[in-house]
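Report on the structure given below.
Numbering starts at 1 and runs along the sequence shown. Both backbone and side-chain heavy atoms feed into the values below; hydrogens, waters and symmetry mates do not.
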Amino acid sequence: MQEHYILSDGFKIPKVGFGTYQLNGYDGVRRIEQAISAGYRLLDSAVNYENEGAVGRAVKNSGVSRDELTVTSKLPGRYHGYQDAVNTIQESVLRTGLDYIDLYLIHWPNPIEDKYVEAWQALVDAQKAGLVRSIGVSNFLPEHIERLEKETGVLPVINQVELHPFFNQETQRAFDASKQIITQAWSPLGRASAVLKEQTIVDIAEKHKKSIAQVILRWQVQLGVLPIPKSSSIVRQEENLNLFDFSLSEEEMAAINQLMKQDGRRKGQDPAVYQEF
């Protein structure tokens, strides 16, 4: 049975979501419908994924009540100017074919352009207008979030960041928690990287008779993190959601935490300098 976090704005959100990156067109609709059938109630999309329409169609086809589903999208860097952001948020809602989007994030801060506060104000105003229910950020560092709070008085409810055993985001997680922000994990399995062959995790998985992916995702949930794994396979989709019938011990959690690497980012995408448009 799926468990939930309560966001700082009072809304409830599942502890595990479904990533939709590269799920596009009618095949994407089918696979997203499949994920909803498997039990996913949080769907993560973005303008740059070019599949907001597929997500919206899958939601409409699913037969699941709209208020049971949390649909996420994200604003790309090329639209950080206030009016561009306003227009893009409206277009996101129109592309989904839904009346509103549940969670809207700024995809990257792009601090060199330095328009993310403008973009955030557009999200705040879109929330007031009822276009989006909850607002958050993605790949934001503490200094970026502190600036949002200082200049707008509004904090994000979610910060979606790269997080997996080789990059556990301990400092960022502590900061987010201090601001009542839920940390969400993109690339929670390291996108099938060497982390899936890590002997420490292999041993823990064998002990619990669970898959390596299930152990990693369970570790994240026990950290208070919200992972959004992606899979096209129904077997993997169901497996990645089946995390709530076992627990990792303190020793097992510590052993996975010790896999952290200083250069653990998969592609070196440091939000202090990385730009994405």
Side-chain angles (χ1 to χ4, degrees), residues 2-5 7 11-24 28 31-49 51-52 54-55 58-59 68-75 96 101-108 133-140 156-169 172-173 176 181-193 195-196 211-234 236-244 265-267 269 276:
Q2 177 83 274
E3 296 179 3
H4 295 82
Y5 294 118
L7 300 173
F11 286 111
K12 187 171 74 170
I13 192 167
K15 286 190 175 181
V16 182
F18 181 71
T20 69
Y21 178 58
Q22 294 182 331
L23 299 181
N24 300 77
R31 294 183 191 279
I32 296 163
E33 285 177 8
Q34 181 180 279
I36 296 171
S37 295
Y40 289 90
R41 295 295 179 263
L42 168 58
L43 307 172
D44 181 79
S45 181
V47 172
N48 275 353
Y49 299 173
N51 69 352
E52 291 166 309
V55 170
V59 167
E68 289 182 32
L69 292 162
T70 299
V71 175
T72 303
S73 195
K74 308 183 198 77
L75 180 76
T96 64
I101 289 175
D102 299 87
L103 179 63
Y104 210 90
L105 313 178
I106 298 176
H107 208 152
W108 287 84
R133 194 185 68 175
S134 298
I135 55 176
V137 294
S138 183
N139 304 297
F140 272 50
V157 297
I158 289 265
N159 185 19
Q160 186 184 120
V161 298
E162 178 178 358
L163 195 155
H164 44 76
F166 290 164
F167 198 70
N168 65 35
Q169 292 275 17
Q172 184 69 56
R173 283 188 288 110
D176 290 349
I181 298 168
I182 299 291
T183 304
Q184 209 173 35
W186 62 261
S187 196
L189 304 174
R191 292 195 187 155
S193 69
V195 73
L196 296 178
S211 73
I212 293 166
Q214 284 173 311
V215 167
I216 294 171
L217 296 171
R218 180 66 201 180
W219 163 75
Q220 289 167 340
V221 168
Q222 285 185 220
L223 289 176
V225 168
L226 197 170
I228 42 171
K230 188 206 93 174
S231 178
S232 296
S233 155
I234 185 62
R236 288 269 158 69
Q237 287 176 0
E238 291 175 347
E239 186 180 90
N240 290 345
L241 202 56
N242 184 20
L243 309 176
F244 301 101
R265 292 187 194 276
R266 288 186 60 257
K267 295 182 178 179
Q269 293 166 311
E276 182 168 299

Going by the rule ring-ring contact (aromatic ring centres under 6.0 Å, His included), which residues pair with Trp219 if we only count those two or more places apart in sequence or in a different chain?
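Trp219 satisfies ring-ring contact (aromatic ring centres under 6.0 Å, His included) with no residue once adjacent residues are dropped.
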Kindly write out the residues that satisfy ring-ring contact (aromatic ring centres under 6.0 Å, His included) with Phe140, not counting sequence neighbours, or none if the list is empty.
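Applying ring-ring contact (aromatic ring centres under 6.0 Å, His included) to Phe140 gives Tyr116, His144.
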Going by side-chain hydrogen bond (donor to acceptor under 3.5 Å, both in side chains), name the residues that satisfy it together with [X], two or more places apart in sequence or in a different chain.
X: Gln22; result: none
X: Gln169; result: none
X: Thr72; result: none

Kindly write out the residues that satisfy side-chain contact (heavy atoms from CB on, under 4.5 Å) with [X], not counting sequence neighbours, or none if the list is empty.
X: Asp102; value: Arg66, Thr70, Val71, Tyr100, Arg133
X: Arg31; value: Leu23, Asp27, Ser232
X: Glu33; value: Val29, Ala58, Asn61
X: Ser233; value: Ser231, Val235, Arg236

What's the separation between atom [atom1] in [X] and atom [atom2] in [Y], rounded to the nearest 0.5 Å?
X: Phe166; Y: Arg266; atom1: CZ; atom2: CZ; answer: 11.5 Å
X: Leu105; Y: Ser134; atom1: CG; atom2: OG; answer: 10.0 Å
X: Asn51; Y: Leu43; atom1: CG; atom2: CG; answer: 10.0 Å
X: Leu103; Y: Ser138; atom1: CG; atom2: OG; answer: 10.0 Å
X: Leu42; Y: Ile228; atom1: CG; atom2: CD1; answer: 7.0 Å

Which residues satisfy the salt bridge (Lys or Arg N to Asp or Glu O under 4.0 Å) test with [X], sequence neighbours excluded?
X: Lys15; answer: Glu3
X: Asp44; answer: Lys74
X: Glu52; answer: Arg95

Write down the atom of [X], the atom of [Y], and the distance for their closest heavy-atom approach.
X: Val16; Y: Pro229; answer: CG1-CD, 4.0 Å
X: Arg218; Y: Leu243; answer: NH1-O, 3.0 Å
X: Pro188; Y: Gln220; answer: O-NE2, 3.0 Å
X: Ala38; Y: Ile234; answer: CB-CD1, 4.0 Å
X: Leu241; Y: Gly39; answer: CD2-C, 3.4 Å

Does any part of the side chain of [Y], heavy atoms only, come nearer than 4.5 Å to the side chain of [X], both counted from C-beta?
X: Asn240; Y: Leu217; answer: yes
X: Val47; Y: Leu75; answer: no
X: Arg173; Y: Asn168; answer: yes
X: Leu226; Y: Val221; answer: no
X: Ile158; Y: Ile135; answer: no
X: Phe18; Y: Gln237; answer: yes
X: Leu69; Y: Tyr40; answer: no
X: Ile216; Y: Ile212; answer: yes

For His4 and Gln2, does a side-chain donor sit closer than 3.5 Å to a side-chain acceptor?
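Absent: no donor and acceptor within the cut-off.
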Exercise: do Asp176 and Gln172 side chains pair donor with acceptor under 3.5 Å:
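Gln172 and Asp176 do have a side-chain donor-acceptor pair below 3.5 Å.
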Could you check whether any side-chain N or O of Tyr49 sits under 3.5 Å from a backbone N or O of Ser73, counting only pairs where one atom can act as donor and the other as acceptor?
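The answer is no, because no donor-acceptor pair under 3.5 Å joins these two groups.
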Polar side-chain atom of Gln160 near backbone of Trp186 as donor-acceptor pair, under 3.5 Å
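No, the answer is negative, given that no donor and acceptor are paired below the 3.5 Å cut-off.
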Intermediate values then yes/no, side-chain contact (heavy atoms from CB on, under 4.5 Å), Ile181 and Val137
CA-CA 10 Å; Ile181 298 168; Val137 294; over 6 Å; no
Run the numbers on Ser187 and Glu162 for side chain to side chain donor-acceptor pair (under 3.5 Å), then give the verdict.
CA-CA 6 Å; Ser187 196; Glu162 178 178 358; 5.3 Å; no
Phe167 vs His164 aromatic rings, parallel, tilted or perpendicular, using cut-offs 30° and 60°?
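Correct class here is tilted.
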Could you walk me through whether Thr183 and Asn159 satisfy the side chain to side chain donor-acceptor pair (under 3.5 Å) test, starting with their C-alpha distance in whole Å, then the side-chain angles of each, then the deciding distance to 0.1 Å, before giving a yes or no?
CA-CA 5 Å; Thr183 304; Asn159 185 19; 5.9 Å; no
